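What follows is a single structure, written as structure tokens, with notes after it.
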Amino acid sequence: MSNFIAASAAGQSTPSSPVVSVASAAKRRAKTQRAASPENGGPSQSPKRSSLYAGLFAIPGTKAFCISGAVARLPTSMMSLGIVLALNHLYDNWAIAGTMSAAYILALAVVTPFYARLFDRFGQRRVGRAVLSLQVVSMLAFAFSALVRVPIPLLFSLAVIMGLTQFSFGALVRTRWAYALRGPGNEKLLNTAYALESAIDEVVFILGPILAAFLATSVHPVSQLFVPTLACGLGGAFFFALRGTQPPVMEAVEVQPAAEDDADVRAAMGNGAQVGMKPDDIKIHQLHRHGPRPKSVLLCQGVLPVLVVFVAFNMSFNAFDVSVTAMMKALGREQLLGLQLAMFAVGSCIGGLIFGAREMKGSSWRHMVQFLALLTLGYVLIRIFMDNLLLLGALSVLSGLCVAPVFATGNLIVKRIVPSRSLTEGLSWITTAGQIGASLGSSLAGIVLDGADYHVGLLIPCVTTFVTLLLAMGCWALARRRAVEVRARRARERASIKAA
């Protein structure tokens with residue numbers, strides 16, 4: 001039987017002739033590889049290149065999807081705060097505003113992995129255009145309803161519906177980076193790309209709350225709901241229009257020819273095949289396997305421990321934010337709250353850019369453990385010197401340097417664990433784990449602050465990050481043991497082959 005390669009580009013209809021599909025996919029793949037080669041301005045494989053970031057953006061199409069994906073992520077940092085600001089101003093009720101924001105976040109966390117699986121199965125463009133339209137419509141419906149002050153139950157329902165239409169643009173962008181940098185020679189560039197995306201996340205979370213607060217107080221209490229809707233619509237539409245960098249739904253698979261007297265071939269020939277048919281006459285559609293659908297990435301070995309680490313890791317951030325908010329209120333310095341909280345995000349952004357500019361060697365788990373140890377020390381120093389606001393700001397910047405690298409290494413670990421066809425789903429679960437951890441951190445800090453003061457509240461980030469460090473160390477040990485077992489199994493297989 002002749003060798004063949006079956007490939008289907010994401011978001012594109014399959015031609016009626018398999019030969020046309022194979023040829024088109026091969027041409028697109030060859031064109032992309034030529035464009036990404038060093039001779040055509042692509043990234044050099046040499047570790048001596050002057051800038052890893054220059055190597056990233058030398059690949060055609062990467063600037064476009066990176067920038068548009070960053071713009072489309074603006075609602076991530078604005079909508080939750082925007083709901084609180086709008087509801088408190090219009091209805092003068094903090095409890096309703098907080099509950100509605102929590103319901104929105106919970107709905108978003110529930111559906112994020114579901115949408116990610118659709119993206120992996122049917123392609124970013126095909127699924128994205130439909131879901132993005134629903135997302136923009138639901139966001140506009142909520143904003144206009146808040147503007148005209150509809151009854152609270154209706155607005156609450158619209159907030160939940162709005163959350164159910166959200167998906168993780170960050171996971172989509174990281175999946176495109178993985179596709180653009182596919183191949184063993186680009187592993188270091190992928191590390192840089194994921195660090196860059198973590199830094200972009202921090203920039204979004206720096207600018208988003210500041211912009212939301214400015215619009216709510218200086219323009220109109222509901223204006224901060226329309227701006228992220230516009231950013232999501234324009235950025236998302238441009239992102240999904242980029243066909244050249246979208247990953248294929250199916251990777252290329254080469255089918256090896258089988259002997260004519262092979263048992264499986266004889267069984268296939270006897271199952272409705274014509275007498276005298278040769279293996280070369282078997283059509284592609286006859287080789288389709290009607291087996292079970294791909295399993296959830298949660299069943300992949302090593303994914304759940306990573307998610308547990310990120311649930312604990314994200315608890316520290318919201319606990320820190322809530323405790324610092326209580327501290328600034330108690331000190332009568334609420335006007336400096338936004339600046340104080342932004343210091344941590346600024347440090348994280350700088351840390352992500354520095355981490356991405358370096359070629360990190362060794363295990364990603366080892367890197368994560370090192371950064372978590374430094375972050376734990378940073379939280380301890382913040383707790384000790386918390387009464388000095390200038391020193392608190394400086395320590396927040398220094399501690400934040402470790403945050404984005406932890407996210408980048410976590411994404412790299414998941415990328416290595418899950419199958420490439422389910423990468424978007426795997427990366428989206430990290431987002432979901434982070435949202436769950438953030439909500440748990442806020443709840444825990446609120447309970448502690450109700451019974452004590454902010455001095456006790458700022459102990460929570462120290463404890464949760466230390467627990468995260470212990471969990472990461474355990475995961476690192478498990479990963480090392482699995483690696484040893486895999487090497488031993490492969491050695492035994494090679495020995496048995498030689499003996500045979």
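Model, not experiment: these values are computed from the prediction. Reckoned from all heavy atoms, side chains included, excluding hydrogens, waters and symmetry mates.
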### Query
So, does S399 use its side chain to make a donor-acceptor pair with the main chain of S396 at under 3.5 Å?
no
### Query
With a 4.5 Å limit on heavy-atom distance, are the side chains of R482 and L478 in contact?
yes
Using distance only, find each side-chain donor-acceptor pair of residues 224-234 under 3.5 Å and give its atom names and separation, not counting sequence neighbours.
from : atom 1 : to   : atom 2 : distance (Å)
Q224 : NE2    : G82  : O      : 3.1
Q224 : NE2    : P221 : O      : 2.6
T229 : OG1    : L225 : O      : 2.8

### Side-chain heavy-atom pair L389, L331 within 4.5 angstrom cut-off
yes
### Message
Do R176 and Y179 form a cation-pi contact, if we require the NZ or CZ to be under 6.0 Å from the six-membered ring centre and within 45 degrees of the ring's axis?
### Response
no
### Query
Do F169 and F65 make the cut of ring centroids closer than 6.0 angstrom?
no
### Message
Can a donor-acceptor pair be found, under 3.5 Å and without considering hydrogens, that links the side chain of Y194 to the backbone of R174?
### Response
yes
### Backbone of A58 reached by a side-chain donor or acceptor of T62 within 3.5 Å
no
### Message
Within the structure provided, determine whether M368 and F313 are in side-chain contact (heavy-atom separation under 4.5 Å).
### Response
no
### Message
Any non-hydrogen side-chain atom of V403 less than 4.5 Å from a side-chain atom of F317?
### Response
yes
### S364 side chain to R416 side chain, donor-acceptor N/O pair below 3.5 angstrom
yes
### Task
State whether the side chain of S218 and the backbone N or O of L215 hold a donor-acceptor pair below 3.5 Å, judged by distance alone.
no
### Message
I'd like to know if the side chain of T424 reaches the main chain of A116, judged simply by a donor and an acceptor atom lying under 3.5 Å from each other, with no hydrogens or angles considered.
### Response
no
### Query
So which heavy atom on S198 is nearest to which on A408, and how close?
OG-N, 3.5 Å
### Message
Check E425 with R121, please: is the shortest side-chain N to carboxylate O separation under 4.0 Å?
### Response
no
### Task
For S323 and F320, indicate whether the former's side chain and the latter's backbone hold a donor-acceptor pair under 3.5 Å.
no
### Query
Is there a donor-acceptor pair closer than 3.5 Å between any side-chain N or O of T465 and the backbone N or O of C462?
no
### Message
Tell me if the aromatic rings of F371 and F355 count as close, with their centers under 6.0 Å from one another.
### Response
yes
### Message
Do D120 and S422 pair up side chain to side chain, a donor and an acceptor below 3.5 Å, judged on atom types alone?
### Response
no
### M162 side chain near I83 side chain, heavy-atom distance below 4.5 Å
yes
### Query
Would you say the side chain of Q370 lies within less than 4.5 Å of the side chain of C402, judging by non-hydrogen atoms?
no
### Query
Of T192, L190, N191, which is the lone residue that meets side-chain contact (heavy atoms from CB on, under 4.5 Å) with L181?
L190
### Query
Any side-chain donor-acceptor pair under 3.5 Å between S428 and T112?
no
### Query
When the ring centroid of Y379 is compared with that of F466, is the distance short of 6.0 Å?
no
